[in-house]
Participant: 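What follows is a structure written as structure tokens; I'll ask about it next.
Remember, predicted model here, so these are calculated numbers, not experimental data. Position 1 is the first residue of the sequence, and the numbers go up from there.
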Amino acid sequence: MSAEATNPGAPIRRRGRPRIDLRRLGRAAVLGPVSRDRLPDALAHVAEAHRAHHPDADLAVLQRAYLLAETSHRGQTRKSGEPYITHPLAVTLILAQLGAETTTLTASLLHDTVEDTEVTLDQVREQFGEEVCYLVDGVTKLEKVDYGAAAEPETFRKMLVATGDDVRVMSIKLADRLHNMRTLGVMRPEKQARIAHVTRDVLIPLAERLGVQALKTELEDLAFAILHPEEYARTSAVIAAAADGPDPLTAIAGNVASVLREAGISSEVLVRPRHFVSVHRVRVKRGELRGSDFGRVLVLVGEDADCYAVLGELHTCFTPVISEFKDFIAAPKFNLYQSLHTAVVGPDGEVAEVLIRTHRMHKVAEAGVIALGNPYAADGTAQPAEPADGESPDAEAPDGERADPTRPGWLSRLLQWQQSAPDPDTFWTSLRADLAQDREITVFCTDGGTLGLPAGASCVDAAYAQHGDAAHTCIGARVNGRLATLSTVLKDGDTVQPLLAEDAVSGPSPDWLDHARTPAARIAITGWLDAHPQAAEAVQPGLPAGREPQSAPPFGPGARRARTASAVVDQPDAAVRLAGCCTPVPPDEVTGFTVRGGAAVTVHRLRCPAVARMEAVGRAQVAVSWGEEQACRVTLVAESFGRPRLLADLTEAIAGADAAVISATVEPPSEQRVRHTYTLRLPDAAGLPALMRAMREVPGVYDVSRAQHPAGAL
């Protein structure tokens, strides 16, 4: 967790969150007093922020955690030159400012000790208890020496599983990534881009889903500055120019405050500036920006009823824009967010967006799950409401999400489907696709239950969400009482009834993948197709005719495998196919199962879940082993900054790995970035990780991934 250095582009500063001088913090960390009768100077900022939210907090445990962290990290420095202890201190300060409780802050101070020092988890458990130990373990990375290229996806899988049991794990990870993004400037440009890509694709959606808007918006701005520097510069110039012009929002906010005072409604009225990415989105959507587009008016009140009273006054005294009204108090978003949204026309014709919420709602809107304090506290002061008599703690709320806000429905579904994705590439691709769904819908089942699904989900997704693998026999559905095809896209509030055939012997067809949006459905469908290759011989699953795939691992579900990867089977005349569900490559331990009446054998890894399923239904295994010929064909995508000789250097790296280039394409540069696609023949599949590492080490290259559906078999 030790990325570095200077801010690539300062985002709009948050009121009440001054940046701390890291050099001064570093000096205090090293030279400040560490006696047991007073706090170290370096911890004073954290203590002050913590006491602002928790006046009675016991700071003694924080002092002990700081002393252990400072001692164990002593002598280590960041790439920027500051003592390493400044990083856990800064991460802890971010969490303290958002209102995290003492246990989270204790774990935050220690979050890198097990990963980067001689401190062990047993020592953390002995000195600080099981909770702190669990949090530290949850954010500790897996070693590359043990996991190789799978280290990053498997680390995120580990963190998400830990988050399922304690959401504070992800709170620490998000704060950790924010400080690393703030200080990323000392890294090479390609390393910055690689980290920013993962931040954009994984961490920002997780921050959004956990409701931690204060972290999400700053992460967005920092990633935007790195990945789209030209757009960032244009947006920055637009904001700077607007700062020198008239400010209609201040005038409108003053009018709103006067109206509410005259109505006797106690409130606080603020102008809330938009962050860089928000301004950019509005500019793309509307073209020319108005003076009121650079922020929104925020009205804070004491009680829920006051929110509606404010709304009534605004719609009475101003001209409302009715199409902009949304009630997220009566129907909260799936990430805990609550507010009334409206827009009104000011005296000069300017349209201002207005957010209305209580102070409590505002705290949750900014800090999300962090604002819950310790949701697992034994005294019940900060934990979710107790379930009703006879109700399971995991009971579904009426909107389809779990009643426990620290384990929302989307997280429960993610944790469920990841169990069916043992392959790291499949998991990583599916995770990014899942998190890209930025809106959810709720559909109703005919048995009275509800399902939470991503917007755009179809009847296929509903069938697998409700019935699991039994949905393989689905033949159609009823939507709102009427017969519908499985491809029908569902809308929020629809009632859906998947129709299953009791005696069906067939299963899903490849084109189901064209309509499946959820990873659970895609993984289940692909698993069945891989176990029944005769159902997908003519078509690549999910790939419409005439379209080339964009990017995903070639060893993922449904991908064609190089026919030159030899398997030796006990049935010499049988055709051999490598299963896409578990992606076997030499030297994996493998087994086989006959298909097509014994005319072919599908090869799986021994630990593949499909093996256990087929054994359970009495399918006999066929002995297989890797033969002498183990060449493979693979398509790789390299993303890089444009520079002279880049193509030559990449080709040289490929040749150095004994790989032959079958075809290569280079897309036109976009914002100084270039995308190369290579189809390669490797003499041995085991050399693929080394080849990808060699390509990533070429100066200017910031990411190398395996492409989906490499063209044709050899």
Side-chain angles (χ1 to χ4, degrees), residues 1 3 7 11-12 14 17 90-100 104 107-108 111 135 138-139 152 155-157 159-164 166-184 195-227 272 274-278 280-281 328 332-339 361-373 375 401 405-411 413-415 431-440 454:
M1 311 216 171
N7 199 339
I12 295 173
R14 302 288 172 194
R17 295 196 196 102
V91 172
T92 305
L93 181 60
I94 291 169
L95 291 167
Q97 289 171 336
L98 290 174
T104 302
S108 177
H111 80 271
L135 298 180
V139 295
E152 184 172 42
T155 291
F156 271 96
R157 191 202 297 261
M159 275 191 244
L160 285 165
V161 171
T163 298
D166 195 324
V167 75
R168 294 173 292 181
V169 170
M170 193 52 66
S171 300
I172 296 172
K173 176 60 183 178
L174 290 171
D176 169 81
R177 178 54 60 96
L178 175 57
H179 182 246
N180 282 335
M181 288 290 291
R182 284 177 178 174
T183 59
L184 206 57
I195 294 172
H197 265 288
V198 176
T199 300
R200 181 195 65 188
D201 295 346
V202 180
L203 273 303
I204 288 173
L206 284 170
E208 167 74 16
R209 291 185 176 211
L210 293 172
V212 194
Q213 294 296 317
L215 302 187
K216 178 239 181 185
T217 53
E218 190 173 349
L219 285 171
E220 278 188 325
D221 287 347
L222 292 164
F224 183 44
I226 294 171
L227 298 177
R272 185 173 178 80
R274 290 183 184 273
H275 64 295
F276 274 56
V277 171
S278 181
H280 169 71
R281 287 171 180 155
F328 294 117
K333 290 187 178 181
F334 67 92
N335 62 0
L336 309 179
Y337 178 86
Q338 289 185 287
S339 278
M361 292 175 191
H362 183 57
K363 182 178 179 182
V364 174
E366 286 284 286
V369 294
I370 299 176
L372 298 176
E401 298 296 318
T406 69
R407 179 74 176 276
W410 66 263
L411 179 56
R413 294 192 297 275
L414 189 157
L415 294 175
L431 176 64
R432 290 186 175 197
D434 192 5
L435 293 177
Q437 315 297 330
D438 59 358
R439 191 168 64 85
E440 291 213 348

Participant: With Thr92, which residues qualify under side chain to side chain donor-acceptor pair (under 3.5 Å), at least two apart?
Facilitator: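 For Thr92, the residues satisfying side chain to side chain donor-acceptor pair (under 3.5 Å) (neighbours in sequence not counted) are Ser108.
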Participant: What ring-ring contact (aromatic ring centres under 6.0 Å, His included) pairs are there with at least one residue in residues 197-217, not counting sequence neighbours?
Facilitator: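 Qualifying pairs, neighbours excluded: His197-Tyr702.
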Participant: From the options Glu208, Glu218, Glu366, select the one residue that forms a side-chain hydrogen bond (donor to acceptor under 3.5 Å, both in side chains) with Gln213.
Facilitator: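 Result for side-chain hydrogen bond (donor to acceptor under 3.5 Å, both in side chains) with Gln213: Glu208.
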Participant: Do Val369 and Ser171 have side chains that get closer than 4.5 Å, going by heavy atoms?
Facilitator: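 Of all side-chain heavy-atom pairs linking Ser171 with Val369, at least one is under 4.5 Å.
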Participant: Which residues satisfy the salt bridge (charged side-chain N to carboxylate O under 4.0 Å, His left out) test with Arg432, sequence neighbours excluded?
Facilitator: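 Arg432: salt bridge (charged side-chain N to carboxylate O under 4.0 Å, His left out) contacts with Asp201.
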Participant: Is Met170 close to Leu160 at the side-chain level, that is, under 4.5 Å between some pair of heavy atoms?
Facilitator: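 Leu160 vs Met170: side chains touch.
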Participant: Measuring from Arg177:CZ to Leu203:CG, what's the distance to the nearest 0.5 Å?
Facilitator: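 Arg177 CZ to Leu203 CG: 4.5 Å, rounded to 0.5 Å.
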Participant: Which heavy atom of Gly138 sits nearest a heavy atom of Ala162, and at what distance?
Facilitator: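 Taking every non-hydrogen atom into account, CA-CB, 4.0 Å.
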Participant: List the atom of Ala371, the atom of Val364, and the distance in Å for their closest heavy-atom pair.
Facilitator: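 Taking every non-hydrogen atom into account, CB-CA, 4.0 Å.
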Participant: Measure the CG-CG distance between Leu178 and Leu222 for me, rounded to the nearest 0.5 Å.
Facilitator: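 Rounded to the nearest 0.5 Å, the CG-CG separation comes out at 6.5 Å.
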Participant: Which value, rounded to the nearest 0.5 Å, describes the distance between Thr199 atom OG1 and Leu219 atom CG?
Facilitator: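 One finds 6.5 Å between OG1 of Thr199 and CG of Leu219.
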Participant: Checking Glu220 now: which residues fulfil side-chain contact (heavy atoms from CB on, under 4.5 Å) with it, not counting sequence neighbours?
Facilitator: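 In terms of side-chain contact (heavy atoms from CB on, under 4.5 Å), with neighbours along the sequence ignored, Glu220 is linked to Ile204, Lys216, His275, Val277, Arg281.
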Participant: Rounded to the nearest 0.5 Å, how far apart are CD1 of Ile195 and CD1 of Ile226?
Facilitator: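 Interatomic distance, Ile195 CD1 to Ile226 CD1, rounded to 0.5 Å: 8.0 Å.
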Participant: Test of understanding: with ring-ring contact (aromatic ring centres under 6.0 Å, His included), list the residues that count as partners of Phe224, not counting sequence neighbours.
Facilitator: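 Result, ring-ring contact (aromatic ring centres under 6.0 Å, His included) vs Phe224: Tyr232, His280.
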Participant: Compare every heavy atom of Ala367 with every heavy atom of Val212, then report the nearest pair and how far apart it is.
Facilitator: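 Answer, listing the atom of Val212 first, then Ala367: CG2-O, 3.6 Å.
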Participant: Are Leu215 and Leu98 close enough, and set up right, to give a side chain to side chain contact (heavy atoms under 4.5 Å, CB included), and what steps lead you there?
Facilitator: CA-CA 9 Å; Leu215 302 187; Leu98 290 174; 3.7 Å; yes
Participant: Quick one, Thr217 with Phe276, criterion side chain to side chain contact (heavy atoms under 4.5 Å, CB included). Give me CA distance, side-chain angles, the key distance, then yes/no.
Facilitator: CA-CA 9 Å; Thr217 53; Phe276 274 56; over 6 Å; no
Participant: For Thr104, check side chain to side chain donor-acceptor pair (under 3.5 Å) against everything at least two apart and list the hits.
Facilitator: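 Side chain to side chain donor-acceptor pair (under 3.5 Å) check on Thr104 returns Glu101.
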Participant: Can you tell me how far apart CZ (Arg168) and OG1 (Thr163) are? Round to the nearest 0.5 Å.
Facilitator: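 Answer for the CZ-OG1 pair, Arg168 versus Thr163, is 11.5 Å.
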Participant: To the closest 0.5 Å, what do you measure between OH (Tyr337) and CE (Met361)?
Facilitator: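 Between atom OH of Tyr337 and atom CE of Met361 there are 10.0 Å.
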Participant: Set out, in order, the CA-CA distance, both residues' side-chain angles and the distance that settles side chain to side chain contact (heavy atoms under 4.5 Å, CB included) for Leu435 and Leu431, then state yes or no.
Facilitator: CA-CA 6 Å; Leu435 293 177; Leu431 176 64; 3.8 Å; yes
